[in-house]
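Below is one structure, written out as structure tokens, with a few remarks after it.
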Amino acid sequence: MELHKKWTSEGRPRGEQFESFRLYKYAKRLFRKKQRKMVRKTEENDFKELSEASEIDYIKFWKYLNRRRKKKTSTNVLTTNDGRTISNPEEIADLWANYYEKLLTPEENTNFNDDFREYIDIEVSDITKNSLAEFDDIFQDAITLKEIEDVLTVLPNNKAAGDDGITYEHIKYSGDILAAKLLILYNKIIELEYIPRQFKLGIKIPIPKGGKSCASKFDDHRGITLLCTFNKIFENLVLNRLQNKIRCRPHPLQGAYQAERAGLTTSFIIDESTKHCCEENASSARNIKRNIVTHTSKSRNIKNLKNMAV
């Protein structure tokens, strides 16, 4: 506080050459660091109290979750492509439903290459057949309770629920009773080879793109889908089984869906490699052109010498 007053009294100078600015910024960084440390410590203690309680106090539980949720302002106005402004929530919901229904409904394209379509259909069919034969042994052994517990321990908090209204916190703090029921459910799904209809339902949420885009415009949104929580846990179980198989591991050069890697980095590498190849090709082209010019000059000199000799 004293450093801030001193910095303010000197006219709020900016730059590392000013001692008051430098000391104030250093003290501010230390304060923020300690503040974040205390917040993490408080959160860990709160989660520990909730997980160790023999009977969860639901009032305390939801009070804590609601306190952590950030309040965000949202717009209740939507501008359609034809310039109409909609403010009625039911009309806005209908517009989004029609938009995503149209977006996800395949349309026949008369200009499509039929030969290419046939080629793609054959390739997809072959991949499907090979995949069915290759991964039949993934669930040769039944799912164990430990596998479910391993997935539950790494589930994140503060994630929105799907159509069923169940969050990760509901399942994590339900203890061994629910885990045992999930074990029966998932093994039955594998045995019967049937995915429950509830697993296939989701809530489509339009999210403003941010930046310079306008939140009230119809096209300046991207959609996310909130899926059933039980389905996502089952998908994690399948993923863990797949990752334990050597032939299912991604290629070392793949950037997406790997720890400490990103698709953006891979894109930069490809871009740099492409530019390097273009520069190498340009250099090779210049060398070829230089050799042609040199050869032409020599040919002309030889011809001139012949003419002089004649």
Side-chain angles (χ1 to χ4, degrees), residues 43 47 61-62 64-82 84-107 148 151-174 182 185-186 189 195-240 242-243 250 254-268:
E43 290 178 349
F47 282 127
F61 178 78
W62 285 109
Y64 173 77
L65 289 182
N66 291 329
R67 188 172 69 248
R68 281 180 52 83
R69 288 173 178 167
K70 296 180 181 179
K71 296 181 180 179
K72 298 182 180 180
T73 58
S74 59
T75 177
N76 294 324
V77 178
L78 188 66
T79 304
T80 60
N81 294 330
D82 56 2
R84 293 187 301 119
T85 301
I86 309 298
S87 58
N88 187 297
E90 294 182 359
E91 292 185 24
I92 292 176
D94 291 338
L95 280 174
W96 283 120
N98 295 332
Y99 171 77
Y100 285 118
E101 183 179 0
K102 182 179 180 181
L103 183 66
L104 300 175
T105 301
E107 295 182 357
I148 295 178
V151 171
L152 296 183
T153 54
V154 297
L155 292 179
N157 295 313
N158 303 318
K159 296 296 181 180
D163 185 65
D164 54 3
I166 298 175
T167 64
Y168 285 140
E169 286 85 349
H170 287 119
I171 300 173
K172 291 171 68 173
Y173 298 120
S174 295
L182 291 177
L185 172 64
Y186 293 146
I189 289 175
I195 302 296
R197 180 179 177 275
Q198 189 68 31
F199 282 22
K200 304 174 185 179
L201 298 179
I203 301 176
K204 200 74 174 180
I205 306 293
I207 305 295
K209 293 180 180 179
K212 296 181 179 180
S213 61
C214 180
S216 63
K217 289 187 177 180
F218 192 73
D219 290 334
D220 290 344
H221 292 76
R222 59 182 178 86
I224 63 171
T225 305
L226 305 179
L227 300 173
C228 172
T229 304
F230 294 122
N231 178 45
K232 290 189 284 187
I233 295 174
F234 182 67
E235 289 176 351
N236 281 322
L237 291 170
V238 176
L239 179 62
N240 290 341
L242 286 172
Q243 289 178 338
Q254 178 176 327
Y257 306 107
Q258 293 201 77
E260 300 180 357
R261 295 188 185 182
L264 183 61
T265 305
T266 306
S267 301
F268 286 144

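Quick note: residue numbers are just sequence positions, from 1.
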For a quick test of reading the model, state the closest non-hydrogen atom pair linking Ala161 to Gly165 and the distance between them. CB-C, 3.6 Å
Locate the shortest heavy-atom distance separating Cys228 from Asp164; write the atom from each residue and the value. SG-OD2, 3.2 Å
Begin from the C-alpha positions of Asn157 and Lys172 and carry the test side chain to side chain contact (heavy atoms under 4.5 Å, CB included) through to its verdict. CA-CA 9 Å; Asn157 295 313; Lys172 291 171 68 173; 3.0 Å; yes
Flag side-chain contact, heavy atom, 4.5 Å: [X] against [Y]:
{"X": "Val154", "Y": "Asn236", "result": "no"}
{"X": "Ile189", "Y": "Pro196", "result": "yes"}
{"X": "Leu226", "Y": "Asp163", "result": "no"}
{"X": "Glu91", "Y": "Leu95", "result": "no"}

Should the pair Lys204 and Tyr100 be classed as cation-pi, given the thresholds of under 6.0 Å to the six-membered ring centre and 45° from the axis?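 Yes, a cation-pi geometry.
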So how far is it from [X] [atom1] to [Y] [atom2], rounded to the nearest 0.5 Å?
{"X": "Leu237", "Y": "Ile148", "atom1": "CG", "atom2": "CD1", "value": "6.0 Å"}
{"X": "Leu155", "Y": "Lys232", "atom1": "CG", "atom2": "NZ", "value": "9.0 Å"}
{"X": "Arg222", "Y": "Ile207", "atom1": "CZ", "atom2": "CD1", "value": "6.5 Å"}
{"X": "Asp94", "Y": "Glu90", "atom1": "CG", "atom2": "CD", "value": "7.5 Å"}
{"X": "Ile224", "Y": "Ile203", "atom1": "CD1", "atom2": "CD1", "value": "10.5 Å"}
{"X": "Tyr168", "Y": "Leu152", "atom1": "OH", "atom2": "CG", "value": "10.0 Å"}

Evaluate the ring planes of Trp96 and Tyr99, with Trp represented by its six-membered ring, and classify them as parallel (under 30°), tilted (30 to 60°) or perpendicular (over 60°).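 Answer is perpendicular, since the angle exceeds 60°.
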Any donor-acceptor pair under 3.5 Å linking the side chain of Tyr186 with the backbone of Phe230? yes
